[in-house]
Amino acid sequence: MSYTSMRGGRGEKGAGSSSAEREEKEEKKKRKGCMRKDSPSASKTPTKPPIRKRTLRERLFGKLVGKKSVSKTDDRVPSSIPRVDSTDVPAPETSSAEENEKSDEKKQNDHICKDSPSVAATATEDPIRKIHSDEHLVKKSVETESVLTTDESDMGEKENRLFSSLKKDFQNYMNTSEPSTSQKPNNKFPNPAQICYMNSSLQSLLTLLEFIGDISHQEAAWKMVPEAAVLMAFMRIVRCHQSPDNQKKLNALYSFKKEVARRSPEFSDMGQKDAHEFLMSFLESIEELNPVMTELSNETGIVYKCPVKAHLSFRMQNTRTCRSCGDSSGTEEMFNNLSLNLVPQDSVQDMLDRYLLETDTDYRCACGGTSSTQRYNFKTLPSFLILHVKRFCYTSSMTLRKLQSNINNSRELLVSSQQGTGWYSVVSFISHLGYNATSGHYVSAGVQRDASLDDVTDSWVIYDDNNVTSVKGESVLSHHQKNAYILFYKRRHPAKTVLSGCYSRTDLMEGEDGFPVSFSN
């Protein structure tokens, strides 16, 4: 064998071996050159890209910069992530990936507005990581503000439709009426348009000093309850009713009427209404606060006693007796006023006694009898007894008409109950002036509010909206015999005949709660 062939043979073998090694090394170099240092292929550990801090724009709108989404396991510890083979994870070139990411981001920014629904959807559907507490607060405040704004605007539109006439009439009256030049306190109430039924009811209630004082003393309790807005509006009237500022009174009257109308929409306009229905609606709105006030008392320990229940409510026993077998059954009922049938020339005492007489009623007894009697008796007596005289009735043709018959407005009442006999004196009344049931005018009259029940001067006051007149009690009671509609009686105590003021009149003067002068919904 020649030298050339031997060298050539060794050379071919060596060349073949070194060629395979070179190819393998070159392939490794190529692969290594294409891989990023932090790629899973290089470290053989599937480490996720580092999580950066969100920008302010991202925190507010929840927008992701970039197209990629990260799985919900981003908050896992790296050691808990399973290892994978580097060949399963392709490693794109760094420059190419960055260019794609920037291009995608630019496209998204060009086509998606900052406040677009798709942005919010991205934040909701593709969470990146756990949001910090400050971001939760930012997001929550933005969402809450949006919801509240929508709810308030909707509520405002509904109320504007409901109270548009009410607000307009009050505002027009304020714009056209002349400002008061007198600085002397007065008890007048302006009447922008047919609210005499409300003014007269308020004037009579203001005569019930203990009732007003009880509401005032418990203000710290009911002020904590939003449902007690009607009491807040009422106390505004109490505090400003002696003010010479008509504008302040108009605002107070508007707020009060609106709060009553929230519960009873029939009072949301400026049409003529019934004073008795308005008065009862207001008292019932106070009674309806009992459940929420009881819950408040249980949670805070604050003691609350319903002013209506404490001063105006009373219990009566309704006893029914079968005429056939004599079997009797009784039920207990709560009242805050009584409606008496008008009997011409009768006194209020006589009409009350008639109310307590036994009457016939249709009732089927277990024995088969269909005729029974019914009778009411007082179980308890209130501090103030409100009596409503039925001056309006329906005729056989279902036409409402007013009864003009005279009655004797009793100055004193004796009322028997299971607790004993109560002695009452009239302190106020509301009259309906007019000859028919579809129109008329309400006025109120009452004792001088700082006078005693046994005041020898017999000082009374007639409240006719903006007109307030001092009169004698005997004269005004006699003059309103055919118009008296609602009468207020105060229970007397033999050892204490003076009206005790349960509140300081200085404390209840105008505007101490700082309510706004301008109208608002």
Engineer: Looking only at side chains, do Asn341 and Lys390 share a donor and an acceptor under 3.5 Å apart?
Structural biologist: yes
Engineer: If we count only N and O atoms by modelled type, under 3.5 Å, do the side chains of Thr395 and Arg401 hold a donor and an acceptor together?
Structural biologist: no
Engineer: If we check side-chain contact (heavy atoms from CB on, under 4.5 Å) with Phe314, which of these qualifies: Leu381, Asn336, Leu385?
Structural biologist: Leu385
Engineer: Inspect the contact between Glu219 and Arg239 and indicate whether a charged nitrogen and a carboxylate oxygen are less than 4.0 angstrom apart.
Structural biologist: yes
Engineer: Which residue in the set Phe282, Phe256, Phe278 passes ring pair (Phe, Tyr, Trp, His ring centres under 6.0 Å) when paired with Phe267?
Structural biologist: Phe278
Engineer: Between Ser328 and Thr319, is there a side-chain donor-acceptor contact under 3.5 Å, judged purely by atom types and distance?
Structural biologist: no
Engineer: Do Asp245 and Ser243 have side-chain N/O donor and acceptor atoms under 3.5 Å apart?
Structural biologist: no
Engineer: Show your working on side-chain contact (heavy atoms from CB on, under 4.5 Å) between Val230 and Glu288 and close with a plain yes or no.
Structural biologist: CA-CA 11 Å; Val230 67; Glu288 289 175 356; over 6 Å; no
Engineer: Crowded around Arg263 CZ? As in, over 12 foreign heavy atoms under 6.0 Å?
Structural biologist: yes
Engineer: Give a yes-or-no answer on whether the side chains of Asn199 and Lys249 include a donor-acceptor pair shorter than 3.5 Å.
Structural biologist: no
Engineer: Work out which heavy atom in Thr207 is nearest to a heavy atom in Val427; give both atom names and the distance.
Structural biologist: CG2-O, 3.6 Å
Engineer: May I ask you to say whether Lys309 pairs ionically with Asp214, meaning some side-chain N is under 4.0 Å from a carboxylate O?
Structural biologist: no
Engineer: Does atom CG of Asn298 have more than 12 heavy-atom neighbours, drawn from other residues, nucleotides or ligands, at distances under 6.0 Å?
Structural biologist: yes
Engineer: Compare every heavy atom of Leu340 with every heavy atom of Leu352, then report the nearest pair and how far apart it is.
Structural biologist: N-CD1, 4.0 Å
Engineer: Using distance alone, with no hydrogens and no angle criterion, decide if Ser452 and Asp454 have a side-chain donor and acceptor under 3.5 Å apart.
Structural biologist: no
Engineer: Can you tell if the side chain of Asn187 reaches within under 4.5 Å of the side chain of Gln242, non-hydrogen atoms only?
Structural biologist: yes
Engineer: Please evaluate residues Val260 and Ser285 with respect to the criterion side-chain contact (heavy atoms from CB on, under 4.5 Å), reporting the C-alpha separation (whole Å), side-chain torsions for both, the decisive distance (0.1 Å), and the verdict.
Structural biologist: CA-CA 8 Å; Val260 174; Ser285 67; 5.6 Å; no
Engineer: Please determine whether the number of non-hydrogen atoms from other residues, nucleotides or ligands lying under 6.0 Å from atom NE2 of His388 exceeds 12.
Structural biologist: yes
Engineer: Determine, step by step, whether Arg492 and Ser425 satisfy the side-chain hydrogen bond (donor to acceptor under 3.5 Å, both in side chains) criterion, reporting the C-alpha distance in whole Å, the side-chain angles of both residues, the deciding distance to 0.1 Å, and the verdict.
Structural biologist: CA-CA 7 Å; Arg492 300 177 61 127; Ser425 293; 3.0 Å; yes
Engineer: Under the side-chain hydrogen bond (donor to acceptor under 3.5 Å, both in side chains) test against His432, which residue among His441, Lys482, Lys402 passes?
Structural biologist: Lys402
Engineer: Taking all non-hydrogen atoms of both residues into account, name the closest pair between Arg391 and Ala484 and its distance.
Structural biologist: NE-O, 2.7 Å
Engineer: Before we go on, tell me: are the rings of Phe384 and Phe488 under 6.0 Å apart, centre to centre?
Structural biologist: no
Engineer: Under the criterion side-chain contact (heavy atoms from CB on, under 4.5 Å), which of Asn337, Ile486, Asp274 is the partner of Met280?
Structural biologist: Asn337
Engineer: Specify the closest pair of heavy atoms between Ala445 and Ser428, including all atoms of both residues, with the distance to one decimal.
Structural biologist: O-OG, 2.8 Å
Engineer: So, do Gln448 and Asp455 sit near enough that their side-chain heavy atoms are less than 4.5 Å apart?
Structural biologist: no
Engineer: Apply side-chain contact (heavy atoms from CB on, under 4.5 Å) to residues Phe234 and Leu202 and explain how you reach the verdict.
Structural biologist: CA-CA 9 Å; Phe234 179 67; Leu202 288 170; 3.7 Å; yes
Engineer: Are any non-hydrogen side-chain atoms of Met198 and Phe189 less than 4.5 angstrom apart?
Structural biologist: no
Engineer: State, with a plain yes or no, whether a side-chain heavy atom of Val426 is found less than 4.5 Å away from one of Ser410.
Structural biologist: no
Engineer: Heavy-atom distance under 4.5 Å between the side chains of Leu279 and Tyr197, does that happen here?
Structural biologist: no
